[in-house]
Novice: 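This is the structure I have questions about; it appears just below.
Just so it is clear: chains get the letters A, B, ... in the order the sequence lines come, proteins before strands, and each one is counted from 1.
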Amino acid sequence: MTASTWPELERAAAGGDETVRALVNRHPMPYVDGRRVTFVYQGDADAVYLQHWVFGLSSRIPFRRLGATTWWQLTLDLPLRSRIEYKIGVARNGEETWLHDPLNARVAHDPFGGNSVVQVSGYAEPEWSFPLEQGPNGTVENWPLVSRVFHQVRDIRVYLPPRYRPNRRHRVLIVHDGDDYMRYSRLGAVLDNLTVRWEIPPLVVVLLNPAARLREYAADRRHAEFVVEEVLPAVEKRYPVISEPSARCLMGASFGGVAALSTAWYYPNTFDMLLLQSGSFAFTDIGQHQRGRVFDPVVEFMNQFRDQIGAPAKKIFMSCGVYESLIYENRSLAPLLQKHGLDVKFVESRDGHNWENWRDRLRDALTWLFPVPLWFYYE
Amino acid sequence: MAVIRNEEYDHPLMLLGPQREAPLVRAVLDRWGIHGPVGLAAPGWEEDEVDDGWVREACGRPLVNAQLYELADRLFEEDPEVIQLLRHRQDELRRLREINTIQLDHALTVARQLLRRQHQGDGVARQLDLTMEHVRQVDLEYLQLVREVIRTYDKRIDPWERPSVQRYRQRVLDRLQSCQALLIAGGHVGVLLNRLNLSRLLKYVHVPVIAWSGGAMAMAEKIVFFHQSLPHATGDAELSRQGLAWFRSLVLFPRGDQRLNLQDPLEVALLARRFANDTCLVLTAESVLEWSPRDLRRVAHVRQLLPDGSVREWHP
């Protein structure tokens with residue numbers, strides 16, 4: 001894992017702080033040379049660590065001080081095409097602080113604030129995920145929905161695509177954690193790009209946001225009822241959508257994946273398509289699970305589901321990062337679904353449990369679930 | 001290789017790449033001194049045909065939408081037999097296409113394997129030539145079968161004499177009466193060709209034509225469908241059918257910089273050799289080809305696929 005160092009940096013260290021700074025200023029940081037990645041930090045510290053979320057590695061890897069300088073470095077050998085999120089842990093006077101890497105402007109945002117990102121050679125941020133500079137862009141409408149199930153008013157947000165036409169019937173994609181997908185996975189830009197390129201048909205996309213995520217998304221029957229008995233009829237009343245299972249897809253990541261799968265399972269023959277990203281599909285074959293109490297209802301549901309799969313949908317796209325702890329559960333679920341005759345595409349990536357990983361898989365997922373005869377389109 | 005302009009058509013023709021992102025239409029119209037209203041044929045956009053705001057903005061002149069798609073729907077309501085015949089024709093073409101795919105699949109697999117072994121000597125080169133000749137023969141026979149099916153149905157639809165089709169044509173022509181040029185947009189190339197053939201529009205509109213992307217493909221003699229960059233690629237390029245044949249010996253690949261794997265010399269060589277009797281050209285957003293009316297006057301930012309797997313600027 002740790003690799004031979006960056007020789008130029010070692011040599012610069014002999015010249016002192018300013019020589020190292022001059023070298024570092026000449027290169028984007030972290031310094032990536034094929035598989036070899038060098039992280040650098042400068043500052044007073046008792047110790048410096050790389051804090052990351054790659055499952056299977058020690059989550060804290062120590063930096064080494066560069067000679068008598070105030071610079072610290074760590075060189076790792078990382079797989080090509082990887083994308084890794086990290087923070088730098090700085091220990092000083094018995095206290096430790098986690099920082100974004102001050103030398104790296106690349107930050108992935110998430111509801112917890114975000115992480116610095118290193119892209120190993122071969123990885124490229126997909127061009128179809130950037131906002132279209134000159135449009136056309138989809139629009140988002142907001143409206144309140146009085147929920148009998150939850151005894152409260154919920155804000156529903158609906159993305160209407162660039163080629164939206166009220167006199168045409170559209171297919172529907174219901175997205176769990178919709179606002180987070182829009183904010184952190186650039187879902188709006190992805191949909192705009194794919195629609196404008198005719199890679200997917202224009203979709204009406206419903207963005208759901210939970211009030212109590214870890215409860216509602218943990219295979220809660222009330223959530224399923226809310227989606228099927230309240231949201232879906234309201235959407236069908238307001239928008240020209242096709243009211244058939246073959247035109248409906250549920251989507252979610254992490255606990256949102258559990259919410260999507262469980263909703264489809266509680267209401268069979270309602271959704272033909274599912275898009276499940278890094279689903280928190282924890283289960284136990286024997287004994288107790290080790291994932292904490294919030295997972296109790298998830299494990300209960302997954303055990304039940306794996307025992308009696310039935311037909312929650314016909315076509316399921318699943319993705320998971322190989323650096324996630326959930327890779328085992330996802331790898332195990334895909335063949336099980338296939339064995340029961342479901343059409344499943346399972347994709348792995350060299351990435352972790354994060355929104356940019358989920359963003360990077362969206363084109364693959366959406367074009368597979370919503371194919372259009374692109375063969376004939378030349379726009 | 002000579003690029004042959006069909007003598008049947010004697011008005012200027014301009015071909016462009018994709019236009020939505022950075023349109024060149026206005027510059028071309030200016031260069032040709034066309035300042036008056038222009039017509040737009042965009043049936044390839046199907047129900048989105050009326051969403052022409054960006055073209056209006058891009059061409060900077062009054063624009064008249066020919067409404068070929070919408071008016072065809074009206075024709076089908078008036079005379080349902082026409083759409084029934086078109087659907088039957090589509091079914092027959094689909095069956096031919098399935099057989100053609102089976103025939104080509106194996107031959108192209110062999111061609112790829114031989115291309116990888118080219119360096120092993122003359123024996124391989126000879127086998128590769130034979131294989132490519134076989135592929136071209138399959139393409140040729142497929143094209144003839146397609147042409148036969150279309151001819152048979154054309155006779156039954158009888159677009160010259162059928163009153164409903166004549167009314168359709170007249171409605172379209174009425175709309176385009178004052179236009180000084182006709183723009184032909186892309187979209188679904190099959191639908192575009194169907195509506196252009198059904199209306200026989202281009203036999204009646206004697207003005208310069210500016211066609212882009214799928215519209216440019218439709219003006220060619222050979223139309224090749226292709227896409228190598230989708231996560232779920234749809235397979236080998238496919239010779240589809242005959243276009244309007246305003247020119248011969250050019251096969252166009254609009255947005256080829258995105259849809260083709262130009263970095264892979266093997267795939268480039270395979271396409272160039274398969275269509276060795278033609279010149280294979282990639283059209284990007286910057287590309288321009290202009291005939292006036294017989295001479296190819298201007299070629300800019302057009303790249304050619306070559307049999308050695310390279311891609312170079314085209315200088316005819």
Side-chain angles (χ1 to χ4, degrees), chain A residues 122 124 126-138 160-170 190 192-202 240 275 315 317 319 343-349 360-379, chain B residues 17-23 42 44-51 53-54 57-58 70 94 97 101 185-194 211-218 220 223-238 240-241 252-256 258-259 283 285:
Chain A
E127 40 82 29
W128 44 261
S129 69
F130 293 103
L132 290 167
E133 281 176 18
Q134 296 174 342
N137 304 115
L160 300 174
R163 281 162 35 215
Y164 175 73
R165 298 189 60 74
N167 61 354
R168 172 193 274 181
R169 294 199 309 150
H170 297 74
V190 171
D192 288 348
N193 272 288
L194 300 185
T195 309
V196 165
R197 295 170 183 206
W198 306 71
E199 291 190 9
I200 57 170
L275 198 173
K315 207 171 172 186
F317 182 96
S319 69
D343 188 4
V344 177
K345 184 173 165 80
F346 177 52
V347 170
E348 294 184 0
S349 55
D360 291 358
R361 312 277 88 74
L362 286 174
R363 184 184 185 215
D364 200 355
L366 292 168
T367 55
W368 186 72
L369 289 167
F370 297 100
V372 291
L374 191 60
W375 203 236
F376 304 106
Y377 284 93
Y378 298 83
E379 188 49 35
Chain B
Q19 289 296 293
R20 282 209 190 235
E21 291 87 5
W45 298 347
E46 302 170 90
E47 292 92 340
D48 296 335
E49 182 186 51
V50 289
D51 287 346
W54 70 270
E57 202 175 313
E70 198 180 319
R94 193 176 299 118
R97 185 179 167 220
T101 307
H188 192 300
V189 174
V191 174
L192 169 64
L193 266 175
N194 282 345
W212 66 79
S213 213
M217 286 170 90
I223 295 179
V224 174
F225 290 146
F226 63 100
H227 209 310
Q228 296 177 331
S229 74
L230 266 184
H232 319 287
T234 29
D236 284 306
E238 194 177 284
S240 158
R241 56 193 280 189
L252 303 180
F253 295 88
R255 230 183 256 283
Q258 290 174 13
R259 294 174 66 127
L283 299 184

Novice: For the CD atom of B:E21 and the CD atom of A:E379, what is their distance to the nearest 0.5 Å?
Specialist: 8.5 Å

Novice: Where does B:W54 contact chain A at under 4.5 Å (heavy atoms): side chain, backbone, both or neither?
Specialist: side chain

Novice: Would you say B:E57 has more than 12 foreign heavy atoms packed within less than 6.0 Å of its CD?
Specialist: no

Novice: For the candidates B:G190, B:G187, B:G44, B:A185, which exhibits the highest count of non-hydrogen atom pairs separated by less than 4.5 Å from chain A?
Specialist: B:G187

Novice: Within the 4.5 Å heavy-atom criterion, are B:R255 and A:Y377 side-chain neighbours or not?
Specialist: no

Novice: Which bit of A:L374 comes within less than 4.5 Å of chain B, counting heavy atoms only: side chain, backbone, both or neither?
Specialist: both

Novice: State which residue, out of B:H227, B:E238, B:H188, fulfils the side-chain hydrogen bond (donor to acceptor under 3.5 Å, both in side chains) condition with A:W375.
Specialist: B:E238

Novice: Got a second to check how far B:M217's CE is from A:F376's CZ, nearest 0.5 Å?
Specialist: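 Separation between the atoms: 11.0 Å.
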
Novice: Kindly check if the number of other-residue, nucleotide or ligand heavy atoms within 6.0 Å of CD (B:E46) is above 12?
Specialist: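 Yes, the 6.0 Å shell around CD holds more than 12 heavy atoms from other groups.
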
Novice: Less than 4.5 Å to any heavy atom of chain A: does that hold for the side chain of B:V50, its backbone, both, or neither?
Specialist: side chain

Novice: With heavy-atom distances below 4.5 Å as the criterion, would you say the side chains of A:Y378 and B:R259 are in contact?
Specialist: yes

Novice: Do you know which of B:S213, B:G17, B:G186 has the most heavy-atom pairs with chain A at a distance under 4.5 angstrom?
Specialist: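 Between B:S213, B:G17, B:G186, the count favours B:S213.
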
